Asks: 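Take a look at this one; I'll ask things after.
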Amino acid sequence: VAPVITLTTDFGLHDPYVAAMKGVILSLNPDARIVDISHGVRPQQVEQGAFILGSACGYFPPGAVHVAVVDPGVGTGRLPIVLSAPGAVFVGPDNGLLSAALPEATRALAAGGPARVPLPEGLAAHVLAEPRFQRHPVSDTFHGRDIFAPAAAHLSLGVRAEEFGPELREVVAVPPFRGELQPDGSLAGRVLHIDRFGNLVTTVRGDQVEGRRVTVEVCGRRIEGVTRTYGAGEGLMAVTGSAGLLEVAVRNGDAAGALGAEIGAPVRVTFA
Amino acid sequence: VAPVITLTTDFGLHDPYVAAMKGVILSLNPDARIVDISHGVRPQQVEQGAFILGSACGYFPPGAVHVAVVDPGVGTGRLPIVLSAPGAVFVGPDNGLLSAALPEATRALAAGGPARVPLPEGLAAHVLAEPRFQRHPVSDTFHGRDIFAPAAAHLSLGVRAEEFGPELREVVAVPPFRGELQPDGSLAGRVLHIDRFGNLVTTVRGDQVEGRRVTVEVCGRRIEGVTRTYGAGEGLMAVTGSAGLLEVAVRNGDAAGALGAEIGAPVRVTFA
Amino acid sequence: VAPVITLTTDFGLHDPYVAAMKGVILSLNPDARIVDISHGVRPQQVEQGAFILGSACGYFPPGAVHVAVVDPGVGTGRLPIVLSAPGAVFVGPDNGLLSAALPEATRALAAGGPARVPLPEGLAAHVLAEPRFQRHPVSDTFHGRDIFAPAAAHLSLGVRAEEFGPELREVVAVPPFRGELQPDGSLAGRVLHIDRFGNLVTTVRGDQVEGRRVTVEVCGRRIEGVTRTYGAGEGLMAVTGSAGLLEVAVRNGDAAGALGAEIGAPVRVTFA
């Protein structure tokens, strides 16, 4: 069976960048099965990229290679890495984008914002340093094409992660997506993502509110209770969405537009 | 030969939803050949989804499985179905989205708007009820991932439609796309779709006006005659487009922008 | 190994057009491996299409068939062609879109704008005239589906270019992308493309400025020097981008937005 290589970037689909990566992969491994996760991450929004990759990567077959490039530091000191996790391998810049590979307890060590965390047992990280697995000359502006795509192709051909370069004991992680417990017992979160329907995906997890009577506050509005499905509510509602996170939605409407909400807007959940 | 599975949704390509469906399909059938028809259906616009699916599905090889998800009723009472037609199988919610599978005479029974119609001979519909062909737990918000994608994968692996659940005698259809004959002999239609070029695709069929001297009225403008090709006309023109429907276009320009036209705008065709 | 067929169009991904082409290809050659280069070329912008195709096609494996459709003249006199180059075959309208197949010296013969140029040795062009390699009836509005997609599929199945129709000695080319040397020693160029990050890709080549002290002027702003990478500069900067062309960028920002720049805006490079 052909190996699956997924791509997650902030490149969009209008420019030739994604196609260049696909051409490089297919030139090295013509049997690779390339699947786009998203190229619509907002430019340089590493955390949003980590969310989108993390929301999709778990559905792919074991052995998938997940390449992600949201890389404001391209050409500077940040390291290009391969992160090997049970059942999947992640390739990209060491800036937190690959946090989906890390268990929540590890990410929790980066509670205050992106930070370097020690890798737990069962995970390994290596620098993509080996020139024979790169495209030359390596440009200073497009490691997706010259470092990450070739690395993914070589991994899909059976090259082992340790052949790419030195091992790292720590990688950069973004904090886990969950509401933070406040002294008054409420949860503090924020809008993590706005989807095509205008639904506000928050950092509060559905299992943090399940089975409890809650009030969700966002953009000066209060929502009582959590609804089971978008079609069951009326007006503004809170729903546990398909990523397991609390969402604010409007039935057949655009919650972000209605509320004027932006990514990063604070969300507060209180319990009755 | 690997089976073809097509996808048509209103999910857009920025969010992780489409990728989750692809991952689920590939996890069940790694040989599936997944092709996107469109993920740009306007949110919850079932009729537009039916048009886009219907404009593309006929070009795919026999045996293709067409999955479509424009599903404002997800998690409510509407049924998830598989609709088996000669040469192709359609999977999605029973809300009219799969109308491309139905002959025009059947769709005509829904003349006034989406309605339940009896299935003609040669077509069969079954409810997607069998838990072993679903992803568990089945979410209330994302049947694309948990019911429709797995169903398509299992169909592509040879599971027969009748194994999924009880047979239905009726399904929901949207009316056929054609101009309605008025008492004065004119045709009444409307703008069904606006394409990337700003061309207005109408509900009037090209073969309803072919070979006749016509005047097309839309947004307060009158167009005399039907032009053979976009490049042959000047200014505003009427053309029979590639879907066989009458279109209003501007040579190298944006008719929708020029006219301020929206989907649903009335179109009238009179004959000399 | 399955043959690669790439697609570059101005069709966007919302409409059914691209999917119709893919269905036609897969119906003729179920083993074809179809890769999108871009469907985001601005409507009818042939030169931008030539740039995007040219920026990606070189990364694909030898033997790839590159189909491009930016075709304001569809249904009029312009010829549909196959252009055979060493290692790749190009299919599309003869309007300059396929210029990536031509060496720079040949394109330079079209210095003043798109023009017919003689084909150099090693390249061959044939008209796509043979009805048995077309889809019938051939529409007047969608040669992508009825002529170009079938041609690509047949080429991928081993049909030779000369079987499609008469040979052409000349094809239409767009001028090469490079700054024009002015009498005062400066280079005159223009904005060729604006990418998703808002970077302005200019017609000036990086190797025209490399190793020299330059001032870049665009939209009334002056930039001193060329920076190595986006992350290394501050504010407005000039960088040689991944396509080998000079770009104007803002670190983690949107240069096109900041400057109010449009495609076609003049760019001037002076040397110290």
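Both backbone and side-chain heavy atoms feed into the values below; hydrogens, waters and symmetry mates do not. Please read these numbers as outputs of a predicted model, since none were measured by experiment. Below, chains carry the letters A, B, ... as their sequence lines are ordered, and counting in each starts from 1.
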Asks: At a heavy-atom separation under 4.5 Å, does His143(B) approach chain A through its side chain, its backbone, both, or neither?
Replies: neither

Asks: With a 4.5 angstrom heavy-atom cut-off, could you sort out which part of Asp36(A) is near chain B: side chain, backbone, both or neither?
Replies: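 It is the backbone, since no side chain atom gets that close.
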
Asks: Is Val24(B) in contact with chain A via its backbone, its side chain, both, or neither, using a 4.5 Å heavy-atom distance?
Replies: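 For Val24(B), the contact with chain A is made by backbone and side chain together.
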
Asks: Top residue by heavy-atom pair count (under 4.5 Å) with chain A, among Gly12(B), Ala149(B), Gly73(B), Gly23(B)?
Replies: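 Most heavy-atom pairs under 4.5 Å with chain A: Gly23(B).
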
Asks: Output yes when Arg78(B) and Asp94(B) qualify as a salt bridge under the 4.0 Å nitrogen-oxygen rule, no when they do not.
Replies: no

Asks: Can we call the ring centroids of Phe133(B) and His154(B) under 6.0 Å apart?
Replies: yes

Asks: Of the backbone (N, CA, C, O) and the side chain (C-beta and beyond), which part of Thr6(A) lies under 4.5 Å from a heavy atom of chain B, both, or neither?
Replies: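 Neither part.
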
Asks: Before accepting this row, confirm whether a basic side-chain N of the pair Arg42(A)/Glu47(A) lies closer than 4.0 Å to the acidic partner's carboxylate O.
Replies: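 Salt bridge between Arg42(A) and Glu47(A), a charged N being under 4.0 Å from a carboxylate O: no.
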
Asks: Do the ring centers of Phe142(B) and Phe11(B) come within less than 6.0 Å of each other?
Replies: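 Yes, close enough.
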
Asks: What part of Val41(A) gets within 4.5 angstrom of chain B, counting heavy atoms only: side chain, backbone, both, or neither?
Replies: neither

Asks: Which atoms of Ile194(A) are under 4.5 Å from chain B, going by heavy atoms: the side chain, the backbone, both sets, or neither?
Replies: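 The backbone, not the side chain.
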
Asks: Is Glu104(A) salt-bridged to Arg107(A), cutoff N-O under 4.0 Å?
Replies: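 Looking at Glu104(A) and Arg107(A), the cut-off is not met.
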
Asks: Answer with side chain, backbone, both or neither: which region of Asp10(B) has an atom nearer than 4.5 Å to a non-hydrogen atom of chain A?
Replies: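 For Asp10(B), the contact with chain A is made by backbone and side chain together.
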
Asks: So, are Glu224(A) and Arg213(A) salt-bridged, with charged N and O less than 4.0 Å apart?
Replies: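 Salt bridge between Glu224(A) and Arg213(A), a charged N being under 4.0 Å from a carboxylate O: no.
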
